[in-house]
J.: 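Quick one: the structure is below, questions incoming.
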Amino acid sequence: QVQLVESGGGLVQAGGSLRLSCAASGRTFSSSAMAWFRQAPGKEREFVAAINWGGGRTYYTDSVKGRFTISRDNAKNTVYLQMNSLKPEDTAVYYCAAATWAVPGSQLGQPQKYNYWGQGTQVTVSS
């Protein structure tokens with residue numbers, strides 16, 4: 001069993017930065033791929049970024065490449081999403097997700113591959 005708790009969301013002006021954190025419980029964290037998804041009002045949940053269990057491989061959706069960085073600290077059971085140069089279109093609820101089974105890198109953007117989800121944290125970017 002894995003429990004995920006996100007934090008760090010808030011209101012920021014366009015061009016600003018936020019750092020999201022996702023604290024995980026459970027012994028399987030260090031062997032799990034982790035990801036961030038987001039969902040804006042009236043839209044489907046979309047993939048933002050993922051990181052493999054060891055942290056050596058990261059994946060991003062095109063719209064955040066060069067602005068967002070996903071990282072993890074297995075000693076602290078925490079995954080982070082550093083978001084820079086934020087835009088109003090980044091406004092959404094951001095969800096942390098964990099996949100406790102092996103998932104090919106090419107499939108880490110698929111929400112159905114993740115079996116644990118956090119409750120979400122709101123990020124609002126004002127123009």
J.: Of the options L108, T100, V103, which is the one that meets Y114 in a side-chain contact (heavy atoms from CB on, under 4.5 Å)?
T.: L108

J.: Work out which heavy atom in A92 is nearest to a heavy atom in A40; give both atom names and the distance.
T.: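 Looks like CB-N, 3.8 Å.
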
J.: I'd like to know if the side chain of N74 and the backbone of N77 have a donor-acceptor N/O pair within less than 3.5 Å.
T.: no

J.: Nearest 0.5 Å, what's the OG-CG distance between S32 and N52?
T.: 11.5 Å

J.: Does Q39 reach the main-chain N or O of V93 with its side chain, forming a donor-acceptor pair under 3.5 Å?
T.: no

J.: For E89, enumerate each residue passing the salt bridge (Lys or Arg N to Asp or Glu O under 4.0 Å) test, keeping only those at least two apart in sequence or located in another chain.
T.: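 Testing E89 for salt bridge (Lys or Arg N to Asp or Glu O under 4.0 Å), a comparison that skips the adjacent residues, returns none.
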
J.: Strictly distance-based, threshold 3.5 Å: is any side-chain N or O of W36 a donor or acceptor partner for the main-chain N or O of C22?
T.: no

J.: Using the test side chain to side chain contact (heavy atoms under 4.5 Å, CB included), find all partners of Q3 that sit at least two apart in sequence or belong to another chain.
T.: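 Counting only residues at least two positions away or on another chain, Q3 forms a side chain to side chain contact (heavy atoms under 4.5 Å, CB included) with S25.
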
J.: Do you know the tightest heavy-atom contact between T78 and A23?
T.: OG1-CA, 4.2 Å

J.: Rounded to the nearest 0.5 Å, how far does CD of Q13 lie from OG of S126?
T.: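 With rounding to 0.5 Å, OG (S126) is 5.0 Å from CD (Q13).
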
J.: Considering only residues two or more places apart or on different chains, which pairs with a residue in residues 39-74 satisfy ring pair (Phe, Tyr, Trp, His ring centres under 6.0 Å)?
T.: F37-F47

J.: Is the positively charged end of R38 above the ring of Y95, judged by distance under 6.0 angstrom from the centroid and angle within 45° of the axis?
T.: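 Judged by the rule, R38 and Y95 form no cation-pi pair.
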
J.: Who passes salt bridge (Lys or Arg N to Asp or Glu O under 4.0 Å) against R67, sequence neighbours left out?
T.: D90

J.: Counting only heavy atoms not in Q112, do more than 12 fall under 6.0 Å of its CD?
T.: yes

J.: Give the C-alpha distance, both sets of side-chain angles, the deciding distance and a yes or no for side chain to side chain contact (heavy atoms under 4.5 Å, CB included) between M34 and L4.
T.: CA-CA 10 Å; M34 302 294 296; L4 305 174; 4.0 Å; yes

J.: Identify, with sequence neighbours excluded, every residue that meets salt bridge (Lys or Arg N to Asp or Glu O under 4.0 Å) alongside K43.
T.: none

J.: Give, for atom OG of S21 and atom NZ of K76, the distance between the pair rounded to the nearest 0.5 Å.
T.: 9.5 Å

J.: Among L18, T91, T124, V125, which one satisfies side-chain contact (heavy atoms from CB on, under 4.5 Å) with L11?
T.: T124

J.: Do the non-hydrogen side-chain atoms of Q122 and Y94 ever get within less than 4.5 Å of each other?
T.: no

J.: I'd like a table of donor-acceptor pairs (distance under 3.5 Å, sequence neighbours excluded) in which one partner is a side-chain atom from residues 79-86, with atom names and distances.
T.:
residue : atom : partner : partner atom : Å
Q82     : NE2  : N84     : OD1          : 2.9
N84     : OD1  : S17     : OG           : 2.9

J.: What I'd like to find out is whether the side chain of P111 reaches to under 4.5 Å of the side chain of W117, using heavy atoms alone.
T.: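 Answer yes - side chains close enough.
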
